[in-house]
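Report on one structure; see the data block that follows.
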Amino acid sequence: MDIQIILSKAQNGDKTAESELFRFLHVRFSLVAQKRLGVQDAEDLVNDACITVLEKYRKLPPETQFEPWAYRVLRNKIGSHLRDQSVRKKTVETTDRIEEYENSAVTPVDPMGRMALIRCLRKMSQVYPRYARAVNLVNQGYTTDEICQRLRLKRNNLYILLFRCRNWLNSCLEHGIQSDD
Amino acid sequence: MTERCTDIKTGRLIHAYELGLLSDEESEHFEMHLMHCEYCVSLLKTSSLRTGLLRSDSKVRDELRRLSEHSNSKVGWAEELRRYLWPNVPFPFRPAVTLLLVLLLVYPAYLGLTSHKSGEVISLTEIGLVQSRAATIESTSLAAGESAVLTFAYSHYRPGVDVMVLLVDELGQIIYENHAFEGFDAFQTARLFLPSDLLRSGVYRLQVGPAGLVADEIEEYRFRIVR
């Protein structure tokens, strides 16, 4: 359903629409926050940001667009979280950090999924040999500009290459390895 | 899930975003896009596990490193040429296919051009035949391999009526015979090409007349060829 319709219903006091709005925000906020902070730190922050939005959205001036405003709320929360974290990090002992790292939850890996991914990566390296290099460089901590330099690609071309590789990989994982590729 | 991305240009940044390659500005732009693109949200949700594997699973990382080294390794010129001519792209876009098509189109044209070029330039002499009662016969010298064009007139020529043209040598052997000669123009003159192999040294007689060679309408020309 269109977010503007949900929003207008929620603003008129429709509780179902408000729940819908919460779900809408939660999904998007989770993706963004997990990307920026990791799964562990994201959860509380996302809930906090959603609550802030739900508290204030009724008082929004009519000329303010909802989505950019809600995104700005999340960005502000992430910003203040990162600032707090950097202050906290200065005081945390190294041993604590090791402990924190060791205790961090590891996503359980599906061995079949991993094997399928590896098979597709092998196959894809024949079609797009630069993809493995690009991701390998990402994993080694190279910046985007350095990767572009090494692969002799412009930034936009790198993004397009990655987009195509992603589609190829998706297709390979969904339909299996095509023999005619 | 919606079928399409609401902004394809921004949607193409998805994998760069997943891998953390976008600048702050680009990330912000993409995240704003997520706020109203259901399609990209669903793609991100479904691929988060895979992105995690690519970034942090040791086995996948090792494999990527191995593939990266393999793709980076030096290959011989033959392999490089093969990769260039026959890359893994859709069939019509392979350079070898394009090259073959070009050859198929260009080679016949090349053959056509060269066949014209290699043809010999024909050396010709025009011999104008005039009826004369003089006993002497006009001589024309022809170089070896030189052909001739006879120009002659036939005063009895009428359009639509068949004209017979007969060329005989001094031994009476017929060199050229045409019972329906059509080479006359509006001025009752005609030209007859005679290739070099037909003409040897000697005296020739050209007879032009109606199809039945009615005696009073026959016009005869004599000429000598000297080789």
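None of the values given here were measured: they were computed from a predicted structure. Per chain, numbering begins at 1; letters A, B, ... match sequence-line order. Reckoned from all heavy atoms, side chains included, excluding hydrogens, waters and symmetry mates.
- A:Arg119 places no side-chain N or O within 3.5 Å of a backbone atom of A:Cys172 that could act as its donor or acceptor partner.
- Residues B:Val60 and B:Leu53 come closest through the heavy atom pair CB-O, 3.5 Å.
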Does A:Phe163 form a ring pair (Phe, Tyr, Trp, His ring centres under 6.0 Å) with A:Trp168? I'd like the steps, not just the answer. CA-CA 9 Å; A:Phe163 177 70; A:Trp168 198 99; over 10 Å; no

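- For chain A, no part of B:Ser56 is nearby; none of its heavy atoms comes within less than 4.5 Å.
- Among the candidates A:Leu162, A:Asn139, A:Leu121, A:Asp145, the residue making the largest number of heavy-atom pairs closer than 4.5 Å to chain B is A:Asn139.
- The cationic group of A:Arg155 does not satisfy the cation-pi geometry with A:Tyr159, failing either the under 6.0 Å distance to the six-membered ring centre or the 45° limit from the ring axis.
- Neither the backbone nor the side chain of A:Leu161 comes within less than 4.5 Å of any heavy atom in chain B.
- Contact annotation for A:Tyr128: neither backbone nor side-chain heavy atoms come within less than 4.5 Å of a heavy atom of chain B.
- Proximity to chain B (any heavy atom under 4.5 Å) is shown, for A:Asn170, by both the backbone and the side chain.
- Residue contact with chain B, scored on non-hydrogen atoms closer than 4.5 Å, is absent for A:Leu137.
- Only the side chain of A:Tyr131 comes within less than 4.5 Å of a heavy atom in chain B; its backbone stays farther off.
- Contact check on B:Glu38 versus A:Arg28 returns a salt bridge, with a Lys/Arg side-chain nitrogen under 4.0 Å from an Asp/Glu carboxylate oxygen.
- Contacts with chain B were tallied for A:Leu25, A:Val135, A:Asn167, A:Leu158; A:Val135 has the most, counting heavy-atom pairs under 4.5 Å.
- With contacts defined as side-chain heavy-atom distances shorter than 4.5 Å, the pair B:Ile14/A:Arg166 qualifies.
- Other residues, nucleotides and ligands contribute over 12 non-hydrogen atoms within 6.0 Å of the CD atom of B:Glu126.
- Only the side chain of A:Leu173 comes within less than 4.5 Å of a heavy atom of chain B; its backbone N, CA, C and O stay farther away.
- Taking the six-membered ring for Trp and thresholds of 30 and 60 degrees, B:Phe184 and B:Phe181 have ring planes more than 60 degrees apart, a perpendicular arrangement.
- Heavy atoms closer than 4.5 Å to chain B are found in the side chain of A:Leu117, but not in its backbone.
- A salt bridge between B:Asp62 and B:Arg65 is present, with a side-chain N of the basic residue lying under 4.0 Å from a carboxylate O of the acidic one.
- The parts of A:Arg122 that come within reach of chain B are both its backbone and its side chain, each placing non-hydrogen atoms under 4.5 angstrom from that chain.
- Only the side chain of A:Val27 has a heavy atom closer than 4.5 Å to any heavy atom of chain B.
- Looking at B:Phe30, neither its backbone nor its side chain comes within 4.5 Å of chain A, counting heavy atoms on both sides.
- Contacts of B:Ser27 with chain A are made by both backbone and side-chain atoms, with heavy-atom separations under 4.5 Å.
- Note: B:Glu31 leads B:Arg61, B:Glu31, B:Glu63 in heavy-atom pairs under 4.5 Å with chain A.
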Please lay out, stage by stage, how A:Glu146 and A:Thr143 fare under the test side-chain hydrogen bond (donor to acceptor under 3.5 Å, both in side chains). CA-CA 5 Å; A:Glu146 286 166 338; A:Thr143 63; 3.3 Å; yes

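- Using a 4.5 Å cut-off between heavy atoms, B:Glu28 touches chain A through backbone and side chain atoms alike.
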